[in-house]
Amino acid sequence: MESKNTDVKVPFISKIAYGMGDVGCNFSWMFVGNFLMIFYTDVFGIGMSAVAGLMLFSRFWDAINDPVIGGLSDKTHTRWGRYRPWLLIAAPLTALVLMLTFWAHPDWSSTGKTIYMAVTYCILVLGYTCVNIPYGTLCGAMTQNIEERAKINTFRSVSAMVAIGIINIITVPLIAALGGGNDRRGYLLVAVIYGCIFAFCHIFCFAKTKEVVKIPEKEKTSQKVQLASVTKNRPYMIAVAGQFLFGVTLYGRNADALYYFTYVEGNQALFSTYSLFIIIPSIIGAACFPAVFRLTNNKGRSASIFALLTGISMFTMFFFTVRETPVPFYLFSCLAQFFFSGFNTDIYAIVPDCVEYGEWKTGLRNDGFQYAFISLGNKIGMAIGTSVLAGVLGSFGYAANQQQNPAVLAVIKHSFTTIPGVLWIVTAVVLFFYRLNRKAYHQIVQEIQERKQRGRHL
């Protein structure tokens, strides 16, 4: 077997390209997370109960396809590597499905709307899985240098925060401008633009990155064996729990944000203003992760710190509003986003290190399979966060495009402030128990390399 150095420095252009991949992901998935629910209820004319049911059902679908795609990506063999080809092929196809997902038919029957929603959304989720799992796994295949991985994920997170900020600032006015008063047309045209960006970014990522860490042939095993191996990986299981809570909190709050500014603050355009305020803190917070990691020498502990401070900031936002107390409202919004961005960088930087720990612990390396369960945990959290929000709003009498009753307004406000605040604090507690620090990681990688060297000489 050929000896190959995998503890490599990654070229600057490759870090940029990897970051562009998450730009693409957010122009698809964050657009879906922030705007699809209100698109379904207020533009497509689908009831809250149907939306809540879809969000739950789609996670059963994820439970099937996420591990399958993760396993398939591990088994892919091409001259471009295992993971990069998925970006080239799946991204353009997923972009087309994104456009179809935002093609509204409010004149259809309730049954027709529900079927169309379910089919397009489930295909979209599958397409996103085919892109995002190989993309996320690619970081661990680019190098085994822990500092380089931290830098790669910093590029990823900074790029993501810029993309999210742009999406949140421009989407509402862009829908209005392109639609000319017709939200159906506006949403569809925005989906076309964002779909093209999604495809281009992943093609660029494919072109400018390189895989150097290989999975040994002997480690191709059944999914049952792989599942048994990941349950023995304590840092990984903590990371999965963190991703689940992350999904519940992030996507539940994001889905609620437009409802909050539309119905609680009384002006949907304030969502763009809010997004403008938090974009700079987003970028700075993401860039601060390497410094915090150097201080703690433990990615889980630094993620715990970021999560705790995010939770405190969001909880405090409950006591302020844009209309009555704009200065403290925006101040705590910026603080919450600053700490969240650091967490967002950190939580994804943990995953590749857990792969090495698993290889050291069990002798099995399965990057794609492990990232699939990280993705699944995040998506299950998303399903719970969004479906519970939709279900509770529906049970309290939410009516689209009308003045909401006090109970609905209270649910919307708490879902934007206190509830995510508490969940972030819970996330901080969970990640505090992550024990894989810098020193232990280097020892693990060294032992893995020594095992491989011994194996070559047998």
Side-chain angles (χ1 to χ4, degrees), residues 26 30 33-34 157-158 160-169 171-172 242 245-289 291-292 302-347 381 385 389 408-432:
N26 281 287
M30 197 54 63
N34 289 5
S157 191
V158 169
M161 291 303 108
V162 172
I164 291 169
I166 292 172
I167 291 165
N168 290 342
I169 291 168
T171 301
V172 171
L245 290 166
F246 180 34
V248 173
T249 311
L250 174 66
Y251 292 107
R253 186 175 189 261
N254 284 357
D256 182 69
L258 269 180
Y259 291 99
Y260 175 81
F261 287 103
T262 301
Y263 297 110
V264 175
E265 298 289 358
N267 185 355
Q268 189 179 80
L270 286 173
F271 178 71
S272 295
T273 306
Y274 164 79
S275 302
L276 183 62
F277 269 96
I278 65 175
I279 188 170
I280 299 301
S282 295
I283 298 168
I284 298 172
C288 284
F289 158 64
V292 178
S302 54
S304 179
I305 293 169
F306 282 126
L308 175 64
L309 296 173
T310 302
I312 293 171
S313 301
M314 284 189 182
F315 194 95
T316 306
M317 288 175 64
F318 174 80
F319 302 100
F320 308 104
T321 66
V322 175
R323 290 176 297 176
E324 297 176 1
T325 50
V327 173
F329 177 87
Y330 284 122
L331 173 63
F332 283 103
S333 295
C334 290
L335 287 173
Q337 193 66 22
F338 172 84
F339 296 125
F340 160 74
S341 298
F343 175 89
N344 186 64
T345 310
D346 201 327
I347 195 67
L389 174 65
V408 168
L409 293 176
V411 169
I412 293 173
K413 184 169 184 178
H414 280 289
S415 298
F416 192 67
T417 55
T418 59
I419 295 173
V422 170
L423 288 173
W424 275 115
I425 293 170
V426 173
T427 305
V429 173
V430 170
L431 290 169
F432 179 79

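Atom set for the values below is all heavy atoms of this structure, side chains included, hydrogens, waters and symmetry mates excluded.
The ring pair (Phe, Tyr, Trp, His ring centres under 6.0 Å) test with Phe416 singles out one residue from Phe318, Tyr274, Tyr259, and that residue is Tyr274. Exactly one residue among Phe271, Phe338, Tyr330 makes a ring pair (Phe, Tyr, Trp, His ring centres under 6.0 Å) with Phe277. That residue is Tyr330.
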Fill in: Chi angles and distances behind the ring pair (Phe, Tyr, Trp, His ring centres under 6.0 Å) call for Phe343, Trp424
CA-CA 10 Å; Phe343 175 89; Trp424 275 115; 4.8 Å; yes

Discussion item. Please evaluate residues Phe340 and Met161 with respect to the criterion side-chain contact (heavy atoms from CB on, under 4.5 Å), reporting the C-alpha separation (whole Å), side-chain torsions for both, the decisive distance (0.1 Å), and the verdict.
Written reply: CA-CA 10 Å; Phe340 160 74; Met161 291 303 108; 4.0 Å; yes

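From Phe315, atom CZ reaches atom OG1 of Thr417 across 8.0 Å, with rounding to the nearest 0.5 Å. Taking CG of Leu258 as the start and CG of Leu270 as the end, the distance is 11.0 Å to the nearest 0.5 Å. Residue Cys288 holds its SG atom at 12.0 Å from CD1 of Ile283, rounded to the nearest 0.5 Å.
Counting only heavy atoms from C-beta outward, the side chains of Leu431 and Ile347 approach each other to under 4.5 Å. At least one side-chain heavy atom of Phe246 sits less than 4.5 Å from a side-chain heavy atom of Asn344.
One N or O on the side chain of Ser341 and one on the backbone of Ser282 form a donor-acceptor pair closer than 3.5 Å. Glu265 places a side-chain N or O within donor-acceptor distance of the main-chain N or O of Val322, the cut-off being under 3.5 Å.
Considering every non-hydrogen atom in both Val430 and Gly242, the closest pair reads CG1-N, 4.5 Å.
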